[in-house]
Amino acid sequence: MSWRRALKDTARSGLAVEKTRLEPLVAVRGAAGLAIVIAVSLWAFGPAAAASSAFGAFQAAIATFQRSWRPRPELALASGTSLAVSTFLGYLTVSQEPLFLALLVVWTFAAGMSWAAGPTIGLIASSNVAIMLVTVTLPTSVGQAAGHAAMMIVGGVVQAALVVVFPVRRWGAHRDALADALAAEADYARRLRQDPVASFDPLPLMEARNAAAVTPRQARRRPAELHGARGVAERIRPVLASLADPAMGVPAEGRARARVRELLAAAGAVLDAAAHAIRRGEPVTVPAAALATFRTPATGSILTGRPYRAATRLNTLLQDVLETAGGSTPKAREEPVRSRSRPTLLALAPTALRAMRKELRKGSPVARHATRVSAVAAAGYTVGTLLPFGHGYWAPLASVMVMRPDFSQTYSRAVARLGGTVVGVAVATAVVRLADPGTYLSGALAVTSAALMYLVMRTGQFAAQGCIAAYVVFLLGMGGEQWTQTVPERVLLTLLGGLLAVLAYAVYPAWETPRLRTRLADWLAEQGRYAAVVFGSYADPALRNAPDVREALLTARTARASWHTAVARATAEPVRHRGLSRTAADDAEDALAQLGRVAMLLEAHLPERGATPVPAATALAEALRESTQQGAKAIRERRVPTWDAVRAALEAWTAEKAEKAEEAPEAPEAPEAPEAPETPEAPETPEAPETPETPETPEILTTPVAPAQVAPDNDTFVRDAARLVLHALIELSEALDTAVPPMTLDGTAAAKTARGTGPDDEGDSGGEGQGDRVRNPDSP
């Protein structure tokens, strides 16, 4: 992407105003806390202290709006306290220019590194540094600086107290996360009706898992409906895919497929009902049609084998979801659900320091961001001080507020801040000139601007920055500054700060595009480990360890999320692909997604501990684990990975199966076939009508009566899955092999590449003519 197009796209995203659900009660609560702090400070200490305390309360309220699963009062207290410490230390050094610059560099670098601990901590730390640049100019003595710092802490305490006394949608974020996960699976079930191999984005499940981790205090107060539904939802997803996938035994058309579509539609309705109940905290109301679909006994006569087992398991899991959504514990659970533990805010400090230390290395994007933002802050403060405008802190303030570790957010926020500042300052200036407000009216206008900012904060940066600009103008006007002292300098120095931020990223960038191969290699390694663990579970069911499968799945999901984040950032960067084009990235993503899908289908039918083992799966699992690790190394080194070990393991398995098949006819049971005429007892089958035992079930969903089921042939099932895994790996190599093969005189490829054929390919890796395909790196 060219620089012109990249800047155009980021500017559009920065100026865009998104439609989102507003939370007026939360905005009113934050504005009320701000109004209380300003009123008390004006009455007790005067306008200067009121401005400082207002900044503390303002920032503390913003902290409670951040997407965090921790208790919001703790965030408000942490924000107010950290801002107070920053302000006091800044005032002690502000009279000594070199010392203050050194403190600013160190403080800004630490704020930049705090992004390693998460976006919530990074945003709070960066905002505190930016606001500190303003608040250090308000006190006139050390005693006043201490008093202002104390009032900032009071502002955080007031906001925290209001969150406790007047909670709005207590557990609302946790409810939304779990409801979103169930709704995503409902949508997945409906899409599977039309596309049996539809893809599924596990991000809602990951968000729900993050929300399920609670502190000890939260664990004691968490509603019952938030306890176990997420774990059941995790198990539903592979069952849905297994029920719909034709590879599991249900033909693409026919009576069985129609029955599967009915079950998927009913599952979507049940999941939607559970999501609605959890989101609103209401009783579950399931549509009668969905209940009727699962109550009919026809499933057992239409579906057999693995599809029938998947339908039965889906039935049981949906029952658990409904019971949990209704606030009760499912009867099938023998042990209470253990809560995932989340450390308290104080206990999080060592973890955050370890994360920051881990990123303190050459080449780390977080370290580059910290270096970049600290240098820009120092340069902006120096240039702003030298310019004849006064209040030179506006330039570094704008830089620190807009700079983020990635290109797109930095540029879009810079444009949004400049545009919002111009609009906000223009509106506030017009109001000041027309109304000429005094101290108390200026404070009221500042509170109104803050309330509007809290209301529209989630709609986009442009609207929020406009409200912040008006808030600062009114608040400084309350402190005695005239609009002529703030308006021109704020606009010009904000433009300077945004320009410095943009230039800094161009000069010292942290592009995501060159790291795409590393992200892809990490995903391949984790996806291969997940698939290997699943294959190993079939090799020795007696030693099957479900937590190992779960841990491997979660790690693979994290690697997948990192890959998608990197691709999204790289798409907006004005950088050439440097070895991995967009076409190659898309094809490689499809191949790894297919590898994960095969492993997920295997996981949906993991054998019980007493099941017959599949010894050949041991060698395949080991080969898969080693090959994917070596393949990840090859991708990082810009080589095309090969899968000889996986192919050899599958060939040996196929040869062993063929030898056993040749030995099977030697069994002496074949001559007994003529005894078939002795079966005139078939007329006794009318006894079948005597078994219409429609079970009396008080439960919401009813498991249909199972017909006689034959023990599944895990050997054939796993071997077929291994073929699909090899195909997916071959497709990955084809996606990464962008070299054009030599051409013959007739215009065809000279020879098939070595990445191609497995024991089940019949001489070709992808159908007729696919082995001769020429890949052009520049073709779409």
Side-chain angles (χ1 to χ4, degrees), residues 199 202 238 241 515-540 544-564 566-567 580 584-585 587-604 606 614 616-653 718-737 755-756 758-760 765:
S199 61
R515 288 191 291 271
L516 284 180
R517 278 187 170 269
T518 301
R519 303 290 188 187
L520 183 65
D522 294 342
W523 188 17
L524 169 62
E526 299 303 336
Q527 199 81 297
R529 187 170 76 91
Y530 167 53
V533 171
V534 175
F535 276 106
S537 299
Y538 283 86
D540 192 354
R544 180 169 69 87
N545 194 352
D548 288 346
V549 177
R550 177 70 177 155
E551 179 186 354
L553 172 62
L554 294 177
T555 308
R557 280 184 182 173
T558 302
R560 176 190 180 278
S562 299
W563 160 258
H564 280 279
V567 169
L580 190 63
D587 292 345
E589 179 180 329
D590 291 342
L592 284 183
Q594 176 63 13
L595 172 61
R597 178 179 178 80
V598 174
M600 178 189 65
L601 293 176
L602 282 173
E603 183 190 357
L606 284 178
V614 183
T618 303
L620 181 70
E622 187 61 29
L624 186 59
R625 183 181 293 106
E626 292 295 331
S627 294
T628 50
Q629 293 293 333
Q630 293 298 321
K633 182 180 178 181
I635 291 176
R636 294 188 185 98
E637 296 174 354
R638 298 179 181 271
R639 295 184 287 110
V640 179
T642 58
W643 315 107
D644 295 336
V646 179
R647 184 180 293 107
L650 187 54
E651 287 176 348
W653 191 351
V718 178
R719 190 157 48 90
D720 290 342
R723 291 194 184 98
L724 296 176
V725 166
L726 181 58
H727 279 162
L729 294 175
I730 292 172
E731 288 296 326
L732 175 63
S733 296
E734 290 181 349
L736 297 176
D737 187 5
R755 57 179 181 258
D760 58 311
S765 63

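Quick note: numbers below take in every heavy atom, side chains included, and nothing from hydrogens, waters or symmetry partners.
Listed by chain and number, the residues in a side-chain contact (heavy atoms from CB on, under 4.5 Å) with Ala604 are Pro238, Ser242 (sequence neighbours excluded). Here Ala585 pairs with Trp563, Leu580 under the side-chain contact (heavy atoms from CB on, under 4.5 Å) rule; sequence neighbours left out.
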Evaluate side-chain contact (heavy atoms from CB on, under 4.5 Å) for Val533 paired with Leu553, printing each intermediate quantity in order. CA-CA 9 Å; Val533 171; Leu553 172 62; over 6 Å; no

For the pair Glu622 and Glu626, evaluate side-chain contact (heavy atoms from CB on, under 4.5 Å) and give the outcome as yes or no after the intermediate values. CA-CA 6 Å; Glu622 187 61 29; Glu626 292 295 331; 3.4 Å; yes

What do the steps show when you test Gln594 against His727 for side-chain contact (heavy atoms from CB on, under 4.5 Å), and what is the final call? CA-CA 9 Å; Gln594 176 63 13; His727 279 162; over 6 Å; no

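Summarising the geometry of Leu606 relative to Ser537, their closest heavy-atom pair is CD2-CB, 3.8 Å, with the distance given to 0.1 Å. What you find for Leu520 and Ala588 is that their closest heavy atoms are CD2-CB, 3.8 Å. Pairing each heavy atom of Gly631 with each of Pro641, the nearest pair is CA-CB, 3.6 Å. Shortest non-hydrogen contact noted between Leu620 and Ala722 is CD2-CB, 3.2 Å. The two atoms that bring Ala532 and Leu624 nearest to each other are N-CD2, 3.8 Å, heavy atoms only. Here the shortest heavy-atom pairing between Val718 and Ala617 reads CG1-CB, 4.4 Å.
Judged by distance alone, the side chain of Trp653 and the main-chain N or O of Ala616 form no donor-acceptor pair under 3.5 Å.
Listed by first and then second residue, the salt bridge (charged side-chain N to carboxylate O under 4.0 Å, His left out) pairs involving residues 518-537 are Glu512-Arg519, Asp522-Arg636, Glu526-Arg529 (not counting sequence neighbours).
Contact of the Gln629 side chain with the Lys633 side chain is not registered, since no non-hydrogen atoms from C-beta on lie closer than 4.5 Å. Side-chain contact check for Glu731 versus Asp587: every heavy-atom pair is 4.5 Å or farther apart. Contact of the Ser733 side chain with the Thr642 side chain is not registered, since no non-hydrogen atoms from C-beta on lie closer than 4.5 Å. Side-chain contact between Asp720 and Arg723: present, with at least one pair of heavy atoms (C-beta onward) separated by less than 4.5 Å.
The distance from atom OH of Tyr538 to atom CG of Leu602, rounded to the nearest 0.5 Å, is 5.0 Å. For the atom pair CZ (Arg557) and CD (Gln527), the distance works out to 10.5 Å, reported to the nearest 0.5 Å. Note that the CG atom of Leu524 and the CG atom of Leu732 stand 6.0 Å from one another [nearest 0.5 Å]. For the atom pair Arg550 CZ and Tyr530 OH, the distance stands at 9.5 Å (nearest 0.5 Å). A distance of 5.0 Å separates CH2 of Trp523 from CG of Leu592, quoted to the nearest 0.5 Å. For the atom pair CZ (Arg517) and CG (Leu736), the distance works out to 6.0 Å, reported to the nearest 0.5 Å.
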